[in-house]
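Read through the structure below, which is laid out as structure tokens, and then see the notes.
So you know, we letter chains A, B, ... as the sequences are listed, proteins then strands, and number each from 1.
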Amino acid sequence: MILQSVDFIQVIADIVAAILNTLNLFVKPLGLFMISWMEYVLQFFPRNNLTVYIVIAIVIVILGLIVNIMWPGNKNPGFLVKAEEVEEKIEKKAEALDQKLEDKAKELDEKAEKKAEEIEPKVKKKIKKAKKKAKKLEEKAEELEEDAEELKEKAEELEEEAEELEEEGEELKEKAEELEEEAEELEEEAEELEEEGEELKEKAEELEEEAEELEEEGEELEENVEELEEDIEELEENVEELEEEATEKAESKVSKTEED
Amino acid sequence: MGRIGNIVKGIIYMGVYITTTMVIPFLTFTWVREMSILGVDIVLTQHDYENIIFWISAFGLLISATAFFNYSAPKQSIRKGTFALIQILLNCLYIWSYKFSGATEIRFEIVFQIANIGFISINVQNMVMLYMGVYFLTIVLKGYDLFDFVLNRKSIREKRYKTIPGGNDL
């Protein structure tokens, strides 16, 4: 039994220690702060003189008694008392005003009854006139109703026409959209063609430049051919001259030989 | 509750505080000193004992007096808030007086007579430190209460006197 009770005490001690260790982390820094100011304050407390504390305690208790006797806390505060007085005054004034209003209302009722009696025949005449006018107005209203029905019918017709026009408009819109799409496609094709044209132009320009270069080269070749022809002619003339000289020389040799 | 009711309430609470802060600690330390005679290992000299009893009496008187003022004051009044705060501060000093009076230096070791069972040791110093942290939070709470009573004084009084005719000062 003793051993079991010791185990139980050990378990409780472990639990308490765990709780205290957890709290220690949060509460201990605060405790240190508390100690710092308390150590300072305690310097001013008299030591080894209990009478000072007894006197202070008695003074506090007496003060508490006096304060409780003077202000027990069950009396209405000043501002609420004033408010109640004001409320009472307002209620009295309101009652007086109510009475005045009732008197005036009675007087006005009496006056109104008298005037009503005076006005009744006039009112009856006016009512008859008003009835006649009402009949006329009713007739006019019927006419207006008929006109309104006609207008309604016309409006319905117009609405139908408008719907048809709307449908046509939608068809036209669709067609326009199709045309727009086609136009866009054509534009794209035109752009492609333009690009191709530009490429062809560039190629043509290149070819033109090459042709010009070839022409210039041909002209140069022609000039060279002409020069060569002239040289050939000169050479032929020289050959002829040489042939003539040779013939002359040959003839002179032949004549010399003959003379010999 | 009228003035007599308030005073009676204050006296009751003052009695409670006198019992808990003065009578019980006084009896405990006297008993602890006598326990040494029964063979329990407690280090408590005559000087320590007198020192502890002095501080217990000093702060116990102040706490009990402020408790009277506090508990006899109407509910949610500024004077109640003020004295509640003062009471908490005095409580802190009271607890701390155990430390500097040397009471926490006492080691409580109760050795069982049967061998190989063990002993119980209470670290009072550590417990006092922990208590201080908890008291800090209480001071914050009481300070907030006082602040609230001062700020909302008018509305509190309106409520007290308008809802219950004759006042509700408890």
Side-chain angles (χ1 to χ4, degrees), chain A residues 2-3 5-7 9-10 13 16-17 19-21 23-39 41-42 45-65 67-81 83-84, chain B residues 1-7 10-11 14 51 54-55 57-66 68-70 72-75 77 79 83 89 92-93 95-97 99-100 112 114 117-118 120 126-137 139 154 157-158 160-162 166-170:
Chain A
I2 293 163
L3 283 169
S5 65
V6 169
D7 285 342
I9 290 163
Q10 185 63 48
V16 170
I19 292 164
L20 289 174
N21 280 328
L23 282 172
N24 224 9
L25 288 169
F26 307 102
V27 183
K28 206 173 177 180
L30 299 173
L32 288 167
F33 163 73
M34 294 285 289
I35 287 157
S36 62
W37 73 259
M38 276 189 298
E39 277 181 344
V41 169
L42 279 167
F45 278 77
R47 295 175 185 215
N48 303 321
N49 193 0
L50 200 63
T51 47
V52 175
Y53 296 99
I54 293 165
V55 169
I56 292 167
I58 290 164
V59 167
I60 291 168
V61 172
I62 290 164
L63 269 174
L65 280 168
V67 168
N68 268 306
I69 290 160
M70 294 288 285
W71 301 284
N74 57 0
K75 281 181 186 172
N76 278 10
F79 68 90
L80 282 175
V81 173
E84 279 172 6
Chain B
M1 197 179 274
R3 54 172 70 92
I4 294 163
N6 285 345
I7 291 164
I11 289 165
M14 190 167 71
N51 203 12
F54 169 77
W55 285 113
S57 311
F59 283 114
L61 279 166
L62 294 178
I63 288 165
S64 305
T66 47
F68 171 77
F69 209 120
N70 176 13
S72 64
K75 206 175 183 180
S77 62
R79 65 174 188 255
F83 275 87
L89 294 170
C92 295
L93 295 168
I95 297 283
W96 189 239
S97 71
K99 161 77 183 160
F100 76 85
F112 288 89
I114 301 161
I117 286 179
I120 297 165
N126 217 14
M127 277 172 72
V128 169
M129 288 286 281
L130 202 66
Y131 247 72
M132 286 299 111
V134 175
Y135 263 102
F136 174 80
L137 300 175
I139 288 167
K154 200 173 175 181
R157 295 181 95 193
E158 273 176 355
R160 193 195 299 164
Y161 295 106
K162 276 193 174 176
N168 177 21
D169 50 358
L170 263 174

Verify side chain to side chain contact (heavy atoms under 4.5 Å, CB included) between Leu61(B) and Ile58(A), making sure each step is shown before the conclusion.
CA-CA 9 Å; Leu61(B) 279 166; Ile58(A) 290 164; over 6 Å; no
Checking Asn68(A) against Arg79(B) for the side chain to side chain contact (heavy atoms under 4.5 Å, CB included) test, could you report, in this order, the C-alpha distance in whole Å, the side-chain angles of both residues, the deciding distance, and whether it holds?
CA-CA 11 Å; Asn68(A) 268 306; Arg79(B) 65 174 188 255; 3.6 Å; yes
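Nearest heavy-atom pair across Trp37(A) and Leu89(B) is CH2-CD2, 3.7 Å. Scanning all heavy atoms of the two residues, the minimum distance from Val61(A) to Phe68(B) falls at O-CE2, 3.4 Å. Looking at every heavy atom in both residues, Leu50(A) comes nearest to Ser57(B) through CD1-CB, 3.8 Å. When all heavy atoms of Leu62(B) and Ala57(A) are compared, the pair lying nearest together is CD2-N, 4.4 Å. Of all non-hydrogen atoms in Phe45(A) and Leu93(B), the two that sit nearest each other are CZ-CD1, 3.8 Å.
For Thr66(B), the parts lying under 4.5 angstrom from a heavy atom of chain A are both the backbone and the side chain. Interface residue Leu63(A): backbone and side-chain heavy atoms are both found under 4.5 Å from chain B. The contact between Ile139(B) and chain A is made entirely by side chain atoms (from C-beta outward), counting heavy-atom distances below 4.5 Å.
Taking the six-membered ring for Trp and thresholds of 30 and 60 degrees, Phe59(B) and Tyr53(A) have ring planes inclined between 30 and 60 degrees apart.
Here the CD1-CD1 distance, from Ile60(A) to Ile63(B), works out to 11.0 Å after rounding to the nearest 0.5 Å. Atoms CG and OG, on Leu65(A) and Ser72(B) in that order, are 7.5 Å from each other to the nearest 0.5 Å.
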